[in-house]
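The structure under discussion appears below in the form of structure tokens.
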Amino acid sequence: MIVQQFRTLREREEGFVLLSVLVLTSVIAGIALALSLATRDDAREMKLHLDLTKARLHADNALVRGIAALGDPADPLHGVLLQPGGRHIFRFNGVDVRLSVEHESGKIDLNRADPAFILSALQLLAPEAADAMHARIMALRADGVFIEDVGTLLSPAQAFEPVAGRIERVFTVATGARGIAVHLSTPEIMRAIPGLLPEELELLALDRSRAGANLSPVLVKYQAYSSPARPIYTLRATVQDKSLPPLRRKVVFALGHIPVRRNNDLAVLAWRGEVWE
């Protein structure tokens, strides 16, 4: 009987030891799995951070190259980027970056443009919100507040909607001009000129030699919304590589003298990332 009790006690002890070993093994396996997952997440986070840094460097390199081209008439890309809607694809270390240029002189200045011109453009861009946007801008102008960002047009929610990108391509705060330089503008902006008929817009889009004498009355009608060009540009760079995030960056700058030779010949007004194409 003593032997049987001993065997029963030993079996219980062996079961307890086995259970302890299983619990300890499970804990160790859980810790190892957690460490493995944490290491994997850290590696992914590190790779994403590295990819974003690479993409940003490539985009900024394209912006710097674009500024240099626009600031030097002898640069082979000067003529390409000087055209309205000008664009170029740079290749840096096997990574393609698309660069596009916008002439701020072809946009409508929120601080100086005719209120009717601003409202007309807003009605084309955002019909339902046009009146509220226009009222916001007119209130600031009535108070003598300088509008520093076209984003002032937008409500907090609209800042994250596609309309934000469209607003940036139509309006500016950088020129201080009452009108636009039509030869540097876009059809979307030109359609907003109050009072012009579609056939008159077609004539206005032509150069003087092609439009002939028919252009004269159109120019008179457009005169109230016309301003000379200023060397102020927005450059947008988009990284186009499957191995990197599709990062977008932009710079807004003004040239005080061309070619650029001194520090004060160039003024950078904004340099940042952007969300919308």
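- At a threshold of 4.5 Å between non-hydrogen side-chain atoms, the residues D131 and L122 do not count as touching.
- Taken together through direct or relayed side-chain contacts under 4.5 Å among Ile, Leu, Val, Met, Phe, Trp and Tyr, I147 and L154 form part of one hydrophobic cluster.
- Nearest heavy-atom pair, L70 versus L255, reported as atom, atom and distance to 0.1 Å: O-CD1, 3.6 Å.
- Note that CG of L244 is 13.0 Å distant from NZ of K242, once rounded to the nearest 0.5 Å.
- Crowding of Q240 atom CD: a count of heavy atoms from other residues, nucleotides or ligands under 6.0 Å exceeding 12.
- Counting non-hydrogen atoms of other residues, nucleotides and ligands closer than 6.0 Å to CG of D143 gives a total above 12.
- Exactly one residue among K250, R169, R87 makes a salt bridge (charged side-chain N to carboxylate O under 4.0 Å, His left out) with E102. That residue is R169.
- Counting non-hydrogen atoms of neighbouring residues, nucleotides and ligands closer than 6.0 angstrom, the CG atom of N263 reaches no more than 12 such neighbours.
- When hydrophobic clusters are built by joining Ile, Leu, Val, Met, Phe, Trp and Tyr residues whose side-chain heavy atoms come closer than 4.5 Å, directly or via intermediates, L124 is not grouped with I108.
- Note: D60 CG to L247 CG = 8.5 Å, rounded to the nearest 0.5 Å.
- Contact of the D75 side chain with the R65 side chain is registered, since non-hydrogen atoms from C-beta on lie closer than 4.5 Å.
- At distances below 3.5 Å, not a single donor-acceptor pair connects side-chain atoms of R91 with backbone N or O atoms of I89.
- Side-chain contact check for P259 versus P73: some heavy-atom pair is nearer than 4.5 Å.
- When all heavy atoms of A237 and L63 are compared, the closest pair comes out as CB-CD2, 3.8 Å.
- The closest donor-acceptor contact from the side chain of H103 to the backbone of L82 lies under 3.5 Å.
- Summarising the geometry of I232 relative to T175, their closest heavy-atom pair is CD1-CA, 4.0 Å, with the distance given to 0.1 Å.
- The aromatic rings of H58 and F92 are tilted relative to each other, their planes meeting at an angle between 30° and 60°.
- At a threshold of 4.5 Å between side-chain heavy atoms, the hydrophobic network of Ile, Leu, Val, Met, Phe, Trp and Tyr places I67 and L77 in one connected group.
- Annotation for H78 and A69: closest pair ND1-O, 2.8 Å, computed over non-hydrogen atoms.
- Within 6.0 Å of CD in E128 there are 12 or fewer heavy atoms belonging to other residues, nucleotides or ligands.
- Contact annotation: the side chain of V239 never approaches that of K54 to less than 4.5 Å [non-hydrogen atoms, C-beta and beyond].
- Between Y225 and F117, the ring-plane angle classifies as perpendicular under the 30° and 60° cut-offs.
- In terms of hydrophobic clustering, with Ile, Leu, Val, Met, Phe, Trp and Tyr side chains grouped at heavy-atom distances under 4.5 Å, V163 and L110 are assigned to a common cluster.
- H134 contributes no side-chain N or O that, together with a main-chain N or O of I118, makes up a donor-acceptor pair within less than 3.5 Å.
- Residues V173 and D149 have side chains not in contact (no heavy-atom distance under 4.5 Å, counting atoms from C-beta outward).
- Taking the side chain as every heavy atom from C-beta outward, L125 and V170 approach each other to under 4.5 Å.
- Summarising the geometry, atom CD1 belonging to I137 is positioned 8.0 Å from atom CG belonging to N111; distances are rounded to the nearest 0.5 Å.
- The closest donor-acceptor contact from the side chain of D265 to the backbone of R261 lies under 3.5 Å.
- With values rounded to the nearest 0.5 angstrom, H88 atom NE2 is found 12.5 Å from S100 atom OG.
- Counting only heavy atoms from C-beta outward, the side chains of L81 and L99 approach each other to under 4.5 Å.
- The cluster map of Ile, Leu, Val, Met, Phe, Trp and Tyr, joined by side-chain heavy atoms under 4.5 Å apart, puts L140 and M138 in the same cluster.
- Formation of a donor-acceptor pair under 3.5 Å by the K107 side chain with backbone atoms of I189 is not found in this model.
- With hydrogens and angles disregarded, a donor-acceptor distance shorter than 3.5 Å links the side chain of R178 to the backbone of A224.
- Nearest heavy atoms, D109 versus A177: CB-O, 3.4 Å.
- P84 is not listed as a side-chain neighbour of H183, based on a closest heavy-atom distance of 4.5 Å or more.
- What you find for V268 and F253 is that their closest heavy atoms are CA-CB, 4.1 Å.
- The structure places CZ of R249 at 12.0 Å from OG1 of T238, a figure rounded to the nearest 0.5 Å.
- Note that CD of E104 is 11.0 Å distant from CG of L184, once rounded to the nearest 0.5 Å.
- Annotation: R141, atom CZ; neighbour count of heavy atoms from other residues, nucleotides and ligands within 6.0 Å is above 12.
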